[in-house]
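What you see is a predicted model; the values in this text were computed from it and never measured. Naming convention: chains lettered A, B, ... in sequence-line order (proteins, then strands); numbering from 1 in each chain.
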There are 2 protein chains.
Amino acid sequence: MNFPDLFDRFADRVLPANLTDAAILQLRHEAYAEDLPAGGRLHLDDDRSHFIFVGSGATKLAAFVSTEREQIVAFDFAGDIVHVPPRGRYNFALTALTPAEVLVMPADSFLRTTPESCALLKVATEETARALSASRENAITLGRRSARERLACFLLDVWARMADQRKTGEEAIVLPMSRGEIAESLGLTIETVSRQFSELRELGLIETCGRSLLRVVNPEGLSRCAGQVAAAA
Amino acid sequence: MNFPDLFDRFADRVLPANLTDAAILQLRHEAYAEDLPAGGRLHLDDDRSHFIFVGSGATKLAAFVSTEREQIVAFDFAGDIVHVPPRGRYNFALTALTPAEVLVMPADSFLRTTPESCALLKVATEETARALSASRENAITLGRRSARERLACFLLDVWARMADQRKTGEEAIVLPMSRGEIAESLGLTIETVSRQFSELRELGLIETCGRSLLRVVNPEGLSRCAGQVAAAA
DNA sequence: CGCGTCGTTGATATGATTCAAACGGTGTGG
DNA sequence: CCACACCGTTTGAATCATATCAACGACGCG
């Protein structure tokens with residue numbers, strides 16, 4: 001996919017209709033496309049935050065907490081927008097899990113306070129708020145849940161977000177991330193993740209084939225496993 | 001503190017100078033002040049997100065993960081801004097730890113796409129981005145660190161953020177939250193938190209007096225304890 | 001002064017990590 | 001085409017950290 005197509009897809013999916021051509025052109029001017037091979041890392045100006053639109057493929061956003069020790073903060077798939085913060089206490093990097101096409105936009109591009117780009121600013125706020133909610137949910141999962149619950153949560157989330165990959169509701173999805181990457185995002189070890197996969201399989205809640213094919217057989221049961229309780233008032 | 005003073009303090013601290021009077025007045029019109037007693041919960045319209053400016057006192061933002069089981073997502077002190085999301089997968093509530101004066105502003109107030117309020121929108125985006133970074137750091141701490149490291153991290157954070165409470169660099173600060181609340185924010189039990197307090201005290205890194213007076217004797221040592229490693233490239 | 005809540009400390013249990021070995025695919029060279 | 005090595009995954013056994021259960025102590029309040 002070339003830049004124009006990628007940008008159009010982004011505009012279709014994310015930008016509101018009421019945006020002026022001037023604002024769109026300005027954004028388009030500052031955006032650029034990048035093709036990442038599987039495992040490829042996106043290099044950004046560390047001093048600015050960026051919005052990254054994932055046009056195709058799958059990515060992870062990871063923080064380097066110490067040398068060769070990273071914590072994955074978010075997985076993002078085709079159609080998602082990632083907010084990559086500037087270098088701070090931790091350094092973040094966006095890495096492709098599968099070959100991916102991404103659209104890179106410095107956050108500044110949205111932050112012009114010209115009247116025309118007001119709608120753009122609104123988009124930025126909303127996307128950031130969405131990322132904030134996701135991050136807080138993630139923090140809750142990491143803080144309060146057992147390994148079983150974390151994996152169940154994770155699988156339900158991925159299953160829902162990759163829904164468009166399976167035409168009928170029943171097909172399997174291809175997990176783009178390794179066991180190790182799942183472990184790094186859930187704050188567990190690879191062995192624990194593997195064991196939980198096996199146990200969920202034995203419970204008849206999921207089916208797996210090879211390392212990456214997954215089918216959720218019993219979403220309700222898995223949801224129960226995840227400890228999904230309705231919020232109390 | 002009455003509403004005008006509270007709003008002025010908010011405007012001084014957060015709003016940029018280049019804001020038009022019209023935008024400020026619009027925001028002022030939709031904002032309202034609330035006095036919370038210690039333990040008091042702020043009741044908000046669940047369907048909208050809000051920005052809360054903490055004028056004085058200390059607050060916690062907690063998610064109800066199950067009945068009588070909550071996870072604290074953020075602590076905020078005088079001068080801070082909290083983003084409270086709408087009801088979603090979890091329900092959030094802002095609760096005062098000490099008597100607190102807060103300024104409540106529906107996020108919508110910032111999201112007008114009128115040209116005058118562009119600067120306001122920018123403030124909203126920046127505050128949300130700040131909250132996102134804090135939340136991600138929190139997630140990293142919860143995912144990758146031992147009890148000792150989590151508490152050390154937490155104490156350093158609070159020590160830095162309440163710096164203005166101690167005139168000279170050496171004084172003690174008053175922790176506004178209980179051991180139980182610290183535990184709920186770190187994803188630990190109250191007993192573990194208590195034990196870690198004792199051990200940090202025995203190591204000579206901190207001093208405590210009663211339940212809430214804290215002095216960090218050796219910030220460097222505590223920082224080493226927190227496993228603060230410079231980010232790898 | 002007595003009571004209740006919060007905090008501390010100790011003993012034990014549980015669950016995740018660690019260390020270690022075996023398994024299964026995939027790619028390479030003989 | 002098969003043997004082999006490599007990498008990611010799975011499984012098992014032992015260890016360690018935190019949770020849990022329980023008792024006690026300290027402080028604030030009526």
Side-chain H-bond candidate by donor/acceptor type, Ser135(B) with Ser135(A), under 3.5 Å:
yes

Presence of donor-acceptor pair under 3.5 Å, side chain of Glu181(B) and base of dC6(C)
no

Tell me what Gly180(A) touches on the nucleic acid: a base, only sugar-phosphate, or nothing, going by heavy atoms under 4.0 Å.
sugar-phosphate

How long is the line joining CD of Glu184(A) and C1' of dT17(C), in whole Å?
15 Å

Of all the choices, dT9(C), dT18(D), dT11(D), which nucleotide is nearest to the side chain of Glu191(A) once you look at every atom?
dT11(D)

For atom CG of Leu200(A) and atom P of dT9(D), their distance in whole Å
16 Å

Does dT11(D) have OP1 or OP2 sitting under 4.0 Å from an N or O in the side chain of Ser198(A)?
yes

In whole angstroms, how far is the P atom of dA17(D) from the CZ atom of Arg145(B)?
17 Å

Rounded to whole Å, the CZ-C1' distance (Arg148(B) to dT18(D)) equals 13 Å

Measure CZ/Arg144(A) against P/dG15(C) and give the value in whole Å, please.
16 Å

A quick test of your reading: do over 12 heavy atoms of other residues, nucleotides or ligands sit less than 6.0 Å from CZ of Arg201(A)?
yes

Could you state the CG-P distance from Leu151(A) to dG15(C), rounded to the nearest angstrom?
17 Å

Ile182(B) CD1 - dC6(C) P separation (whole Å)
14 Å

Strictly below 4.0 Å, N to O, side chains only: are Asp5(A) and Arg9(A) in salt-bridge contact?
no

dG8(D) C1' sits how many Å from Leu97(A) CG, rounded?
15 Å

Assign Ser194(A) to base, sugar-phosphate, or nothing according to its heavy-atom contacts below 4.0 angstrom with the strands shown.
base

Go through dT17(C), dA19(D), dT20(D) for me and flag the one nearest to the Leu188(B) side chain.
dA19(D)

Please check if the side chain of Arg150(A) supplies one atom and the backbone of Arg144(A) the other of a donor-acceptor pair under 3.5 Å.
no

Could Glu181(B) and Lys60(B) be called an ion pair, given the rule that one side-chain N must be under 4.0 Å from one carboxylate O?
yes

Per Ser178(B) side chain, nearest of listed nucleotides dT11(D), dT20(D), dG7(C)
dG7(C)

Donor-acceptor pair (no angle test) under 3.5 Å: Arg179(B) side chain, dT5(C) base:
no

Where the side chain of Arg195(B) is defined as all heavy atoms beyond and including C-beta, which of dG7(C), dT9(D), dA11(C) is the nearest nucleotide?
dA11(C)

Please confirm whether any donor atom in the side chain of Arg211(B) sits under 3.5 Å from an acceptor in the base of dG28(D), or the reverse.
no

Measure distances between side-chain N and O atoms of Arg201(B) and base N and O atoms of dT9(C), and say whether any donor-acceptor pair falls under 3.5 Å.
no

Consider the side chain of Gln196(A), meaning its heavy atoms from C-beta on, and name the nucleotide among dT9(D), dT18(C), dA16(C) that approaches it most closely.
dA16(C)

Listed partners of Phe92(A) passing ring-ring contact (aromatic ring centres under 6.0 Å, His included), at least two apart:
none

Between dA19(D), dT8(C), dT9(D), spot the one nearest the side chain of Thr192(B), thanks.
dA19(D)

Which nucleotide wins on minimum distance to the side chain of Ser146(A), given the candidates dA16(C), dT9(C), dT17(C)?
dA16(C)

